[in-house]
Number of protein chains: 2
Amino acid sequence: MKIGDGVEWAVHLCGVLAAAPEGRSLPRAKLAEFHDLPPAYLAKHLQALSRAGIVTADRGVKGGYRLGRAPAQISLLDIVLAIEGVEPAFRCTEIRKRGPCAAGPSACRKRCPIARAFLEAEAAWRQALAGVTVAEMNAVAAAEAFDDNRRRAFRAWLTAALQ
Amino acid sequence: MKIGDGVEWAVHLCGVLAAAPEGRSLPRAKLAEFHDLPPAYLAKHLQALSRAGIVTADRGVKGGYRLGRAPAQISLLDIVLAIEGVEPAFRCTEIRKRGPCAAGPSACRKRCPIARAFLEAEAAWRQALAGVTVAEMNAVAAAEAFDDNRRRAFRAWLTAALQ
DNA sequence: TCATTGCGGACAATATATATCCGTATTAGA
DNA sequence: TCTAATACGGATATATATTGTCCGCAATGA
Ligand code: FES
Ligand code: FES
């Protein structure tokens, strides 16, 4: 049970995009450079975010990516579902219906209690992630991990990346 | 982000073992037969349960597997951690430390807030699974999915499987 | 002594994740 | 109108993880 690296990439990059001026977009190459990521593969994840409406992609010269809505309206769950897909991690294969003591149709009128328990646990996981936004992550990071020097460095990079 | 089939297998089979008389063990072949699972591969998962102390393995003639402790003392979380491993699903690769605006040591004194949020969500997931036991699953299944016929069929199979 | 069973390592097959490349469409600006 | 920059989507390649089998060994009861 593992979560792909793309999720970590996407959340961090949404934080970067949230710091860009309203309406301005950052090209894929700049986003990849910021965290030293493979540009070609990053493109796949950005496309997934784009399909989910989390980012908006602008094509052509001066194109790139910008957030599709306010950072306070983008939760970590939104990003996870966009990158990893919406299917639950636990997949019931209905093994209760197989073997010498298989559950017949009448025994299967309700979903298997084991599957129910796992889906409930996953709902708790999703709820926790739904309660955290990109805006909050940026606020915490700004308070904990940015001194004046780093703040200056970041603004300089951002200005250059916007051309 | 997917959970392997072995978890579903293991939880269901712990339910079967919980129905066996105290101290009696069921061999791998019988357990595989019950849900029509590949015996050789199931053995791997049973070994993992054994290493975790969830089941006890008896070797030799009349050997097999039995629960290592009372069904009410075995949670779904115990089984998941035994089968899937104890590492969290979210793995932070510390990408904040890379690239042109990398976080230095002073900025990394606290764990990245994004990683914290994911680990907290995972803690909620684990807590939900820790609150459900094999005994409870069996009680619910007995009430919802076993009529007299199926109960009889199960006891017959169990008797035969115990030789 | 023998048949039965679990253990653990080696190995193979398959699926998924990671990564790259290229042709096409789109756009800003010269 | 032309050009360079950019995202898109499909095809492809590689790496890793999952799923699955097999076999020699140790343990056990009859
Ligand atoms: S049959 Fe799938 S979890 Fe019970
Ligand atoms: S650096 Fe890994 S989650 Fe932020």
Side-chain angles (χ1 to χ4, degrees), chain A residues 1-10 13 17 23-33 35-66 68 80 83-85 87 89-91 93 95 161-163, chain B residues 1-10 13 17 23-33 35-68 80 82-85 87 89-91 93 95 161-163:
Chain A
M1 194 197 32
K2 304 199 182 74
I3 293 175
D5 297 328
V7 172
E8 186 186 8
W9 302 0
L13 291 179
L17 291 177
R24 299 297 306 278
S25 54
L26 289 169
R28 173 184 70 173
K30 289 296 177 184
L31 291 173
E33 171 194 292
H35 283 309
D36 192 20
L37 303 171
Y41 186 38
L42 175 60
K44 293 298 183 202
H45 292 315
L46 289 170
Q47 284 170 34
L49 293 177
S50 173
R51 276 191 295 271
I54 292 169
V55 304
T56 299
D58 300 316
R59 299 218 260 193
V61 182
K62 309 207 82 176
Y65 299 91
R66 55 198 161 85
V80 169
I83 301 289
E84 297 271 321
E87 271 74 39
F90 181 85
R91 293 157 302 169
T93 61
I95 60 173
L162 290 165
Q163 292 128 35
Chain B
M1 195 198 26
K2 303 199 183 74
I3 294 175
D5 297 329
V7 172
E8 186 186 7
W9 302 0
L13 290 179
L17 291 177
R24 300 297 306 279
S25 54
L26 289 169
R28 173 184 68 174
K30 289 295 176 185
L31 290 173
E33 171 194 292
H35 283 308
D36 192 19
L37 302 172
Y41 186 37
L42 174 60
K44 293 298 183 200
H45 293 316
L46 289 170
Q47 283 171 34
L49 293 177
S50 172
R51 276 191 296 270
I54 293 169
V55 304
T56 299
D58 301 315
R59 298 218 259 193
V61 182
K62 309 207 82 174
Y65 298 91
R66 54 196 162 87
L67 289 187
V80 167
I83 301 288
E84 298 272 320
E87 271 75 39
F90 182 86
R91 294 157 301 168
T93 63
I95 60 173
L162 290 165
Q163 291 128 35

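Naming convention: chains lettered A, B, ... in sequence-line order (proteins, then strands); numbering from 1 in each chain.
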Item checked: Per-nucleotide protein contact string for nucleotides 25-30 of chain D, where B marks a base within reach and S marks sugar-phosphate only (heavy atoms under 4.0 Å, - for neither) -> -BBBB-
Item checked: Base-contact (B) and sugar-phosphate-only (S) positions in nucleotides 12-21 of chain D, heavy-atom cut-off under 4.0 Å, - elsewhere -> -----SSBBB
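For the pair B:Q47 CD and C:dT5 P, the interatomic distance rounds to 16 Å; values are reported in whole Å.
In this structure, A:L26 CG and A:L31 CG are separated by 5.0 Å, a value rounded to the nearest 0.5 Å.
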Under 3.5 Å donor-acceptor pairs involving side-chain atoms of residues 45-66 of chain A, not counting sequence neighbours:
residue, atom, partner, partner atom, Å
A:D58, OD1, A:R66, NH2, 3.1
A:D58, OD2, A:R66, NE, 2.7

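Proximity of A:S50 to the phosphate of D:dA7: no side-chain N or O atom is located under 4.0 Å from OP1 or OP2.
Partners of A:P38 under the side-chain contact (heavy atoms from CB on, under 4.5 Å) rule, at least two apart in sequence or in another chain, are A:W9, A:Y41. Looking at residues two or more places apart in sequence or on another chain, you find no side-chain hydrogen bond (donor to acceptor under 3.5 Å, both in side chains) involving A:E84.
Counting heavy atoms from C-beta outward, B:D36 and A:I95 have side chains that stay 4.5 Å or more apart. Counting heavy atoms from C-beta on, the side chains of A:L42 and A:L13 come closer than 4.5 Å.
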Notebook entry, point to check: How far apart are the C-alpha atoms of A:F90 and B:E8, what are their side-chain angles, what is the distance that settles it, and do they pass the side chain to side chain contact (heavy atoms under 4.5 Å, CB included) test?
Noted result: CA-CA 8 Å; A:F90 181 85; B:E8 186 186 7; 4.2 Å; yes
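A donor-acceptor pair under 3.5 Å is formed between the side chain of B:R91 and the backbone N or O of A:I3.
Looking at residues 24-32 of chain B, you'll see B:P27, B:R28 sit with a heavy atom under 4.0 Å from some atom of DNA chain C.
Contact record, A:P27 with A:A161: CD-O, 4.2 Å, taken as the closest heavy-atom pair.
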